[in-house]
Protein chains: 2
Amino acid sequence: MENQTQRIINPYVSVDCVLLGFEEDSLKVLLVRQKDKRNNNMTEFFKLPGSLIYQDEELDEAAQRVLEELTGLKKIKMTQFHAFGSIDRMANSDDNIWLQRFHSIPHHIDRTVTIGYLSLLRINKSYKTLNNEYDACWMDINSIPKLAFDHNSIVEFAVKRVQELVQVMPQKIFELLPRKFTEFQLRTVFEIILNKKIDNRNFHKKFKSMRYVIPLDEKETNVAHRAARYYKFDKNNL
Amino acid sequence: MENQTQRIINPYVSVDCVLLGFEEDSLKVLLVRQKDKRNNNMTEFFKLPGSLIYQDEELDEAAQRVLEELTGLKKIKMTQFHAFGSIDRMANSDDNIWLQRFHSIPHHIDRTVTIGYLSLLRINKSYKTLNNEYDACWMDINSIPKLAFDHNSIVEFAVKRVQELVQVMPQKIFELLPRKFTEFQLRTVFEIILNKKIDNRNFHKKFKSMRYVIPLDEKETNVAHRAARYYKFDKNNL
DNA sequence: GCAAAAGTGTTAGAAGTACACCCATGA
DNA sequence: TCATGGGTGTACTTCTAACACTTTTGC
């Protein structure tokens, strides 16, 4: 990153990454904590991992760079899902002042258009340690605090997009599950995302017909009911 | 528009409008002709209706304004579909020089991120007169010339998006048809957009089951075959 | 009369929906 | 023994796909 000091920031365009994960029967979103010292008061707040782009940088690369800088996560497949450019999205002066300081920009920033990026991913142990090294954490989608800028509505928009996505490309859902998973887990993810109950017998029928779901020999252990079989997702069998 | 001279242009963000219509068995896109005089040579080229945004303007409003300025079309429902921000999308120096002149910007423009807007609409008589008053015209999607900037790939992207859209929301397709249309026309539009033959008897069955398609008493006249009934689309019956 | 599209049914298979009980396990 | 989810089948309905002939009209 030595040569980044020479790169020119584009103060009118940013990227913001919405990473969604699944854990303990609910959807989580990855947020980063930011601290700001002003008038001897330390304030802190949460926001999506995101940042202004450099003028010589592709949008997709910017999303990758920013995510890595703020969370350490590398090579996460994200896709653009919407541009947010409301003229009052920077209206909160605390947000604006923080942004100027963060990027060492000596003037007020009028209005930045941000390109939202989306990814579904499994929350595994390495991701769980994020909050130690990077001050990033997974938060339940139903209990996120007031975020900086318009990030609350960006998250809402992303969740709606995921609902549409899962109807059209149900395979996408496997990105949220651990490498080995039970039929119950898969059904639960569908139920949470589509926000409706799914009949377990009918789901079982569809589940068995998915050729990209491979049964393993392994079963659950230490569960207070009959142990469920584990399955894996085989993307080569789509 | 008197006070627009005071408005501040944001040279980093633009909007481009992809308006798609249907006529003579093919998809058309609305393009505007631009002329540029340089070294006593008049050159002309085509591009999508689009322009840089003002700093105090919502993206959606910018799309509406730009479309009206360049084509006279008002209140067209457009929705954002993708942001295009490749660093070399302004690489063609002719395009860049034209842009600077068009907006009276005294310096080279590095890289503009453009937000693509999409609309499907019927090409009726009023739209056909566009090319007289505004130097805008409908061009067959399969024979568009090299356009300015990356507009050729923006159009391609938009067409792909329409294909997806029609699968999920087939009602959208009625925006392309005239107010009264035949079953044959509707089938043809589906065939063109989905790029496949559709069995007419199976289509007929589905067609009859669409409660939002209302048969009219009127039929075709002067056709060299049995006259087809006209239908109208009733969006209240969705 | 010929070309061109209108208009129309049946059958078979696939997919979706509704619905209820016993089994295995840990606490 | 109780709570929890695992695991399973049938009947009905709906959707999809394949397939061909007669009618109307203008030329």
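We use all heavy atoms of the structure for the numbers below, so side chains are in, but hydrogens, waters and symmetry mates are not. Chain identifiers are assigned alphabetically (A, B, ...) following the order of the sequence lines, protein sequences preceding nucleic acid strands; residue numbering begins at 1 within each chain.
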Peer 1: Under 3.5 Å, is there a donor-acceptor pair between the Thr114(B) and Asp16(B) side chains?
Peer 2: yes

Peer 1: Partners of Lys205(A) by side chain to side chain donor-acceptor pair (under 3.5 Å), sequence neighbours excluded?
Peer 2: none

Peer 1: For nucleotides 19-27 of chain D, read 5' to 3', which letter fits each nucleotide if B means a protein heavy atom sits under 4.0 Å from the base, S means only the sugar-phosphate is that close, and - means neither?
Peer 2: BB--BBBS-

Peer 1: Arg229(B) has an atom CZ; how far is it from atom C1' of dA5(C), in whole Å?
Peer 2: 16 Å

Peer 1: I need the CZ-P distance between Arg187(A) and dG6(D), as an integer number of Å.
Peer 2: 6 Å

Peer 1: Whole angstroms only, please: what is the NZ-P distance between Lys219(A) and dA24(C)?
Peer 2: 10 Å

Peer 1: More than 12 foreign heavy atoms under 6.0 Å from CZ of Arg229(A): is that the case here?
Peer 2: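 Atom CZ in Arg229(A) is crowded, with more than 12 foreign heavy atoms closer than 6.0 Å.
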
Peer 1: Could you give the CD1-to-P distance, from Ile198(B) to dA6(C), as a whole number of Å?
Peer 2: 14 Å

Peer 1: Just by modelled atom types, is the Asp36(B) backbone N or O under 3.5 Å from a matching donor or acceptor in the Thr43(B) side chain?
Peer 2: yes

Peer 1: Can you list every salt bridge (Lys or Arg N to Asp or Glu O under 4.0 Å) pair that touches residues 184-197 of chain B, not counting sequence neighbours?
Peer 2: Glu191(B)-Lys197(B)

Peer 1: Would you please name every residue forming a side chain to side chain donor-acceptor pair (under 3.5 Å) with Glu44(A), sequence neighbours left out?
Peer 2: Arg33(A)

Peer 1: Taking salt bridge (Lys or Arg N to Asp or Glu O under 4.0 Å) as the cut-off, I'd like each qualifying pair that reaches into residues 149-162 of chain B, sequence neighbours left out, listed once.
Peer 2: Arg89(B)-Asp150(B), Arg161(B)-Glu164(B)

Peer 1: Whole angstrom is fine here: how far is it from CD in Glu183(A) over to C1' in dT4(D)?
Peer 2: 16 Å

Peer 1: Around Asp217(A), counting heavy atoms of other residues, nucleotides and ligands shown, do more than 12 lie under 6.0 Å from its CG?
Peer 2: no

Peer 1: Quick check on contacts: within residues 203-214 of chain B, what sits under 4.0 Å from DNA chain C by heavy-atom distance?
Peer 2: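 Within this stretch, His204(B), Lys205(B) sit under 4.0 Å of the strand.
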
Peer 1: Tell me: CZ of Phe184(B) to C1' of dT8(C), nearest whole Å?
Peer 2: 17 Å

